[in-house]
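To start, the structure under review is shown below, and the notes come after it.
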There are 2 protein chains.
Amino acid sequence: MGRRRSVSAGEPLIWEDDDSLLVANVIEGVLKLTTSTADGREQIVGVAYPSDFIGRPFGQTSAASVVALTDARVCVFARNDFDRFAREHPELEHKLLERTLAELDRTRAWMMLLGRKSAPEKIATFLLDMSERLADNGCMAHTGPARQFTLPFSRQQVADLLGLTIETVSRQFTKLKADGVVALPGRRDVEILDRSSLVMLAG
Amino acid sequence: MGRRRSVSAGEPLIWEDDDSLLVANVIEGVLKLTTSTADGREQIVGVAYPSDFIGRPFGQTSAASVVALTDARVCVFARNDFDRFAREHPELEHKLLERTLAELDRTRAWMMLLGRKSAPEKIATFLLDMSERLADNGCMAHTGPARQFTLPFSRQQVADLLGLTIETVSRQFTKLKADGVVALPGRRDVEILDRSSLVMLAG
DNA sequence: AGCGATCCTTGACCGAGATCAAACCAGCAA
DNA sequence: TTGCTGGTTTGATCTCGGTCAAGGATCGCT
């Protein structure tokens, strides 16, 4: 049915305001969903992990661009084919509905973060969120939140996710390190030393 | 099937973190979907207009509280009943999927606003959005965006929607009035005098 | 009408986070 | 090694929007 396709890190899969011609399933890797203003400000509005669905069925244009954060493999479908197929397979539509509702919940929780949380709260929430998301997405069974992990994001991308600037993100990371809450062994590596502090900070 | 129910302005319909026991369809009126932090900060994460769907099918808890902004009439269903019924009626699930996808698009656009837009941009975007939403929701056919309308929100609620404080909202409204972009004949009444300026400001 | 509660506006001030700018560092190629 | 490149950290300063504190306006009630 769908065509397998590899996307290397940084490569776009869908452009904002494109006629929504394709949908896809993530097999491997991580991709970002973004919207941008005319003057170049960017906001990451979603992140797709393996098994997540990408694209906008039953609609004219996709509201967001999709760009791979890591090398990724996806299974793409022509939107029209998918729409038709979905309507004939209620089980598929049901699955898709459940996923979409879950994504909407997650997105709404993120709105709270964007609209009402301070920079330290944003960073703490982000790290806890990553620690859970990245744990579940290896192959191993449900081992609970990861204590250490590698972010699929650059500092700028963390900023775009949290509605901050890169400098503020950097300063907050440095602060957490200085306070012994996390260790930062590599550019994108995080080790959580004091989870309860993070939970406090997340508010 | 569903029970009709009246909800007066300010009255809650669903509590955050409640076991999601009911879902509903809005017949008349406007309701807000909110999440709050422990220390009382609030973010409006969605607004439900007539014909919109409320609640969280296929899930354990609802992520948001629902409170009526105006007197409202809704058609409520026990969640279990609804879930069962939906699974037996693919057409209903399809409709629900389309609505949920549209809501997700709108929510993502709002994330851009919350994370990256300045106070003036937020206010301008909000007014344009209202002008379109409130126009379509009367009975009259598609008349395009309304030039004047009555907000279903208090100033505090506008603040909770935009991730601002009430004072900032007030000052921005005053500014727009002083600049002749809008007139404010009543507490909640808005008349758009210069739409193109608003579009500029919205960015 | 008069009164009180609530909402809204306005002003003075402050501070979190943005901006501007410079150094720092890791990775990579020659 | 050296130098280059892109990402990251750090510092100095500024500014937008938040906070605190008074007034005003509007609505509902008696």
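Computed over heavy atoms, backbone and side chain alike; hydrogens, waters and symmetry mates excluded. Chain naming here is simple, since letters A, B, ... match the order of the sequence lines and numbering starts at 1 in each.
- Take B:A9 and apply the side chain to side chain contact (heavy atoms under 4.5 Å, CB included) test, not counting sequence neighbours, and it matches B:D71.
- Residue pairs that meet the salt bridge (charged side-chain N to carboxylate O under 4.0 Å, His left out) test with at least one member in residues 192-203 of chain A, sequence neighbours left out, do not exist here.
- Rounded to whole angstrom, the span from the CG atom of A:L184 across to the C1' atom of D:dG7 amounts to 15 Å.
- Considering only residues two or more places apart in sequence or on other chains, B:E121 meets the side chain to side chain contact (heavy atoms under 4.5 Å, CB included) condition with A:R41, B:K117, B:S118.
- If you check every strand for non-hydrogen atoms under 4.0 Å, B:S170 touches a base.
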* Per-nucleotide protein contact string for nucleotides 14-28 of chain D, where B marks a base within reach and S marks sugar-phosphate only (heavy atoms under 4.0 Å, - for neither) -> ---SSBB----BS--
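- Under the rule for a side chain to side chain contact (heavy atoms under 4.5 Å, CB included), the partners of B:L92 that lie at least two apart in sequence or sit in another chain are B:F82, B:F85, B:A86, B:H89.
- The salt bridge (charged side-chain N to carboxylate O under 4.0 Å, His left out) pairs that include a residue from residues 91-103 of chain B are A:R87-B:E91, A:R108-B:E103, B:E103-B:R106, where partners are two or more places apart or lie in different chains.
- Take A:T165 and apply the side chain to side chain contact (heavy atoms under 4.5 Å, CB included) test, not counting sequence neighbours, and it matches A:E167, A:T168.
- Applying the salt bridge (Lys or Arg N to Asp or Glu O under 4.0 Å) rule to B:R84 yields the partners B:D81; only residues at least two apart in sequence or on another chain are considered.
- Identified under the salt bridge (charged side-chain N to carboxylate O under 4.0 Å, His left out) test for residues 183-193 of chain A, with sequence neighbours left out: A:R147-A:E191.
- Side-chain atoms of A:Q148 do not come within 3.5 Å of backbone N or O of A:V190 as any donor-acceptor pair.
- Using a 4.0 Å cutoff to heavy atoms of chain B, the contacted part of DNA chain C runs 5' to 3' from C:dC7 to C:dA12.
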Which pairs of donor and acceptor atoms, one on a side chain in residues 169-186 of chain A, lie under 3.5 Å apart (sequence neighbours left out)?
{"residue": "A:T174", "atom": "OG1", "partner": "A:S170", "partner atom": "O", "Å": "2.8"}
{"residue": "A:K175", "atom": "NZ", "partner": "A:D179", "partner atom": "OD2", "Å": "3.2"}

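- Between its opening and closing five pairs, the helix from C:dA1-D:dT30 to C:dA30-D:dT1 changes axis direction by 30°, a value rounded to 10 degrees.
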